Structures are given as C-alpha cells and as structure tokens.
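Report on the following structure.
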Amino acid sequence: MADTILVVVEQREGKFNRVSWETLTAGQALAADTGWALEAAVVGGRVESFAGEVAGKKVSKVYAIESANLEPYTPDAFVAALKQFLSSRLPKLVLMPHTYQVRDFVPKLATAMGRTAISDCIGYKKDGGKLVFTRQMFQGKLAADVSFTCDAPWFVTVQNGAFRGDKVEAGASAAPVEMVKSEIPDGIIRNKPQEVFKEAKQAVDLTQAEIIVAVGRGIKEQKNIDLAKQLADAIGGEIAASRPICDSGWLPMDRQIGSSGQTVAPKLYLALGISGAIQHIVGMKGSRTIVAVNKDSAAPIFEIADYAVVGNLFDIVPPLIEEVKKAKAGA
Amino acid sequence: MKILVCMKQVPQKDAPLELNETGTWIREDVSYEVNEPDAYALEEALRQKEKHGGEVVVITAGPARAAQVLREALAKGADRAIHLEDHAFVGLDPFNTAQAFFAAIKDEKFDLIFTGLQSDDYGYAQTGVILAELLGWPHATIIMQIEKSDSGIRVKRELEAGYFQFVDIPLPAVLTIQSGINKLRYATLIGIKQAKNKPLRKVIMPEVQSAIGGNLQKIERLYVPQKAKNTEIIEGPPGEVAKKLVDKLRNEVRVL
C-alpha cells in the first residue's frame, strides 16, 4: 500500500478549530512534496456532517470516526478510538493541530502505540531523502530540525498560525466519506468532564482594537503598568499583556494575549518588555505592524517585529508618550 | 496525599544562548533556573500537603548542576528529593525521560504526580502525559485548580481562548500544571537550613539504563531561526528614538 498522510481535524462545539484547516494545508503541501496520499479523519460523537465539509477539500478520503463515548472529549476514549483506527490503517504520518485538546491525548496515543510525536511544528523540510520537522526551542530563541528514528506511524502536531488556513485547496469533487464505528467499552473512561465554561464575562474584546499596547515581564513592577496605560491612552489603544503579567494579577485575565488568552490582529501592536514566548506570539503575530521594545537584542519578539527598539522601555516610553501627544495635538 | 513533583532545570529566560560545535545543542556554560511551570507545580503540591497532609517528593534528571532545583524545592518545603544524575539525561526524548522517571519511582506509591505543563527549553509538553500512560494512570493537562473530592480529585482544566472545564479524576493520577495556578512562595532562612538535612537520593544511569532505549526522535540540527520579517532597527538616544518611531507610526504605519 502506498504511504498515506492522515490529518486528524478538530471540531469543538459544532465548529472546526481554525488550526484544523491550517493543518490540512500543511498536509496538502506535504502530500505534494512526498507523493504520499492525503486522507483526513474527524473524531467525535456525531461527525458525519463535519466529515462532509472536509470531503470538499483536496483529500482522497475522509473517515468519520464515531462513538457516543467520544462525546464529551476524554483522553481515554480518544486514544482508544484512534489507536484502534490507526493500528488497522497504519498511515505513514499523522498530522494534528497543536491544540490544548491534542496536547492532552497525543503523547498518550503515541506511547500506547510505541511511537513518538514531534510536537508544535512550524514547518518541514525534505533534507536529502529525509523528512525533518521544524520546531521552536528555548521559547523561540532557537529552531530545531527533528527527524523520526522510529517506525511509522509518525505523529506530528502543527502550531497555530504556522500554515495558512485560507490556502487549503478545495477538491475537484467531493472525496468519499467512510463511517468508522468505534468500539469503546464504557469502563475504560476514567475522567468525568463537566460542562465547558467561560470565566466571568469578557469585559474587553481585544480582537476589535486597532491599536494594542502590550506589556510583558520587562515592566518589572505592578506600579509601572501605569506608564504603559499612559501610552495606550495617548495613542488611543487598548492595554494588554503577556501571560505572566495577568498571572501576577497586574492586569485582569481578559487583557491577556496568547494561546490561553485572546488572539488579535490589530493595525499596530506595540510590545513593551515582551520577550516573545511562543505562547504569546501565536496570539499576535497576525498584527499588521509590530513594534517591539526590549532590552535583550536576542529576544524572539524581534524575529517578528517590523520596528525594533533595543533598549530599556523605561527610557523609551516616557518620551514616546510626549511625542505621540505632540503628534496627536498637531494632527 | 503523597505527591511527586517532576522538575527541570532550564537556561535562565534571558540567558544568551550559543550553539555547540556540532550545532545540535547549546553550549551549556549559561545560567540556569527552575522551569517556571514546575515551580508552580511544586507550590501546588506544597499547598495540597498543607491542606490534606502527606508528603511532597521532588524529582529531576540532569547533571550535578540540576541538584540546585531540588535544593530550592527542599528549602521551600518538599520532604525529600530524587536526582537522576547524569548529563546523558539532558538529551533524552520525552518518551525516554518518562521511562527513566518511571523506573526510578517504581517502588514508590504516589497518589498524585505533578509536572509543569511544558519546559522552557525543549517545550515538548509531553513527558507528564507519557509518564501517566506508562503508569497506567489517568491524567489531565494544563490545570488551574485542584480540589480533593470523595472519589478522587476535581481539577479545573484551562482550554483555549478563555474557556475552562472541571474534570473529576480518580486517584492516582498525573496532572500537568499551568503557570499562575497559585502564588509562589519564597524559601525561608529556616527552610534553607532544614533542607540540608533532608534526604536526597541519587539515581545513577546504570540503575535506570534498562528502561531507556534509543530516542524515537532526533534533533538533526539546532540553529538560530531565520528572520521572517524585514525588521527596521530604530537606534539613538531615547528622545530621538521616540521621535523616529512617531514619524514611522504617522507616515508609514499611518495610525497617528
């Protein structure tokens, strides 16, 4: 049998996770470069309609892996269903989005099959005959090309934003959908998940802000947040922060940008004292213009900045507030 | 409750990193610190012990320098420590790291194992979940709250985009802990003093060697990432930088 790439897409609350389409784009690119067949799978309680939607994309087949025990999500049920399925099909490569749900079960699945997962990949290369996957290390300061040294199936998870979801190719005609009924014995599910909920109301919707002034650890103390607020007020933007600032309670959780907070793409993102850990970057790298102020010239935030200021934010921000005010007054 | 906390020593956040001669790892003559989520995992274990009694044991794998992480944990209140001491542990993939821990604790009976949700160096976010699978225990990841219940524990999982979920889990279980679950404590002078007399068990490579196989994944090359963007560097004294920046924001970015 020819080698196959299987993309396992993720749906939640009736909607596809955006990263699912990005992962499918990655799968299409890999299929084109390797000549391997591309198939997709949707896993859940009732997923036939989702499978139908995926079947409209350029894939040769879609599997709808169903069981009442797959809803709500538990790692035990997902691993049981996917292990069963993968052991009979043995694809060469299994691609999944690096979501919190996938992170929760993929290491268990790979281990249960005696395999490994290369997690949070941002790309791939064909290095001679060898397929390597690129992932960030040391919080994005370095990158690594990583290869598999075990048998297939190879598990790879794809970072949020690494591929373009809007570039996923439609198929010439709808791909066939195969229903797969999973046999998951009731007794194997140990976790009992409750309803998914949102903490309090989200007071601010940062996704609508045109300008965001965001602070990171470089702000040093709670009282210094005010300096950033002054700049936000002067420039007409919203104040936001990286996770450690919200963890410390210096700004409310609903001001947090990143994988556990909001994902934004404003016209201007001003990053003050933010090093640019991956978890933060995935929440703001779509910003049209990024200005970064950081004293560490090796900070990963500079990798994605349009304008870089290497320096102490406490030196830069006060005159910047004055200049912005002047510009506004003159405008 | 008897809780094991898996901890890791990683390069300090702002440590300048250089590649080694083969371009497969960093030069290790940098400053190190405890992996941040692991510090929160330890703090949570100490709080659980204060509430419910029991024991907190900390474990790490790495060369002699990694013992510093254990000493700090003991000073903060952990009862004893296990050090898998060998430089070779640094290069293990998550499967083999979990195997090494599994082998080192096979005679212990823990109710809970905590890890940080991921490390600041490799960032795999896998070792804890793999350890759960090797033990045959249930697990939950990215945990923001832990309460004891009649049948085990109730944990609060963080999901994406501000969503959460409570999950009931029987014990024993493995949890990966998110940063910010609690407020970290400092070690006291008395704690630092007492730490010197607490047991620290060293495990050498031959004791766990049989559990470890070849890595299932391999770093072929480590490198400084190529810049994706054409970044314009704005330099000068602060006043001048501010002027230049405002000029850019007005005339190029057009937001002023």
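Please read all numbers here as calculations on a predicted model, not as lab measurements. Proteins come first, then strands; the chains are lettered A, B, ... in the order of their sequence lines, and each starts at number 1. All values below were derived from every heavy atom in this structure, side-chain atoms included, with hydrogens, water molecules and symmetry-related copies excluded.
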- Select one option (side chain, backbone, both, neither) describing which atoms of A:V132 are under 4.5 Å from chain B's heavy atoms. side chain
- Query: Would you say B:N230 and A:D306 make side-chain contact, with heavy atoms under 4.5 Å?
  - Reply: no
- Message: Do A:L320 and B:V246 have side chains that approach each other closer than 4.5 Å (heavy atoms only, starting at C-beta)?
- Response: yes
- Task: Apply the side-chain hydrogen bond (donor to acceptor under 3.5 Å, both in side chains) test between B:D168 and each candidate in A:K192, A:Q194, A:R190; give the one that qualifies.
- Result: A:Q194
- Task: Tell me, for A:T289 versus chain B, whether the close heavy atoms (under 4.5 Å) come from the side chain, the backbone, both or neither.
- Result: side chain
- Sub-3.5 Å donor-acceptor pair from the side chain of B:R250 to the main-chain atoms of A:A327, do we have one? yes
- Going through the distances and angles, do B:Y223 and A:D145 end up as a side chain to side chain donor-acceptor pair (under 3.5 Å)? CA-CA 9 Å; B:Y223 51 95; A:D145 291 341; 2.8 Å; yes
- Heavy-atom check, side chain of A:I290 versus side chain of B:K229, under 4.5 Å: yes
- Atom of A:G140, atom of B:P225 and distance for their closest heavy-atom approach: O-CG, 3.8 Å
- Bottom line for B:I142: the part with an atom under 4.5 Å from chain A's heavy atoms is side chain
- Message: Below 4.5 Å, heavy-atom pairs only: which of A:C150, A:P244, A:P300 has the largest tally toward chain B?
- Response: A:C150
- Is it the backbone or the side chain of A:F155 that comes under 4.5 Å from a heavy atom of chain B, or both, or neither? neither
- When every non-hydrogen atom of B:Q217 is compared with those of A:A117, the smallest separation belongs to NE2-O, 2.8 Å
- With a 4.5 Å heavy-atom cut-off, do B:L222 and A:M137 have their side chains touching? yes
- Item | CA sep, side-chain torsions, deciding dist, call: B:Q126, A:S119, side chain to side chain donor-acceptor pair (under 3.5 Å) | CA-CA 8 Å; B:Q126 296 197 47; A:S119 50; 3.3 Å; yes
- Quick one: does A:D120's side chain get under 4.5 Å of B:Q118's, heavy atoms only? no
- Task: Would you mind reporting whether B:V253 and A:K267 have side-chain heavy atoms less than 4.5 Å apart?
- Result: no
- Task: State whether the side chain of A:R135 and the backbone N or O of B:G123 hold a donor-acceptor pair below 3.5 Å, judged by distance alone.
- Result: yes
- Item | A:F197 vs B:K156 side-chain heavy atoms within contact, under 4.5 Å | yes
- Message: Counting C-beta onward and ignoring hydrogens, is there a side-chain heavy-atom pair between A:F138 and B:D120 closer than 4.5 Å?
- Response: no
- Is it the side chain or the backbone of A:Q136 that comes within 4.5 Å of chain B heavy atoms, both, or neither? backbone
- Query: By a 4.5 Å heavy-atom criterion (distance strictly below it), what part of A:I211 contacts chain B: side chain, backbone, both, or neither?
  - Reply: side chain
- Query: With only heavy atoms counted, which part of A:E195 is less than 4.5 Å from chain B, the side chain, the backbone, both or neither?
  - Reply: backbone
- Checking heavy atoms, do the side chain of A:K125, its backbone, both or neither come under 4.5 Å from chain B? side chain
- In terms of side-chain heavy atoms, does A:D247 have a donor or acceptor partner in B:S179 at a distance below 3.5 Å? no
- Message: Could you check whether any side-chain N or O of A:T149 sits under 3.5 Å from a backbone N or O of B:L216, counting only pairs where one atom can act as donor and the other as acceptor?
- Response: yes
- Applying a strict 4.5 Å limit to non-hydrogen atoms, the region of A:R115 in contact with chain B is backbone
- Query: Is it the side chain or the backbone of A:N17 that comes within 4.5 Å of chain B heavy atoms, both, or neither?
  - Reply: side chain
- Message: For a salt bridge (Lys or Arg N to Asp or Glu O under 4.0 Å) check, start with the C-alpha distance between A:R288 and B:E252, then their side-chain angles and the critical distance, and finish with the verdict.
- Response: CA-CA 12 Å; A:R288 196 194 296 172; B:E252 292 176 22; over 6 Å; no
- Item | For A:Y100 against B:E160, the heavy-atom pair lying closest together | N-OE2, 2.9 Å
- A:K108 side chain to B:E133 backbone, donor-acceptor under 3.5 Å: no
- Task: Under 4.5 Å heavy-atom distance to chain B, tell me which part of A:V293 shows up: side chain, backbone, both or neither.
- Result: neither
- If every non-hydrogen atom of B:L256 is compared with every non-hydrogen atom of A:K328, which pair is closest and at what distance? CD2-CE, 3.6 Å
- Region of A:A112 in contact with chain B, defined by heavy-atom distances below 4.5 Å: both
- Taking B:T231 for its side chain and A:A305 for its backbone only, find out whether a donor-acceptor pair lies under 3.5 Å. yes
- Task: Please state whether the side chain, the backbone, both or neither of B:F166 comes within less than 4.5 Å of a heavy atom of chain A.
- Result: both
- Item | Nearest heavy atoms of A:P107 and B:A125, plus distance in Å | CG-O, 4.1 Å
- Message: Non-hydrogen contacts under 4.5 angstrom with chain A: give the residues of residues 20-27 of chain B involved, or none if there are none.
- Response: B:W25, B:I26
- Per-residue contact mode, B:L19 against chain A (heavy atom under 4.5 angstrom): side chain
- Region of B:L249 that comes under 4.5 Å of a non-hydrogen atom in chain A: side chain
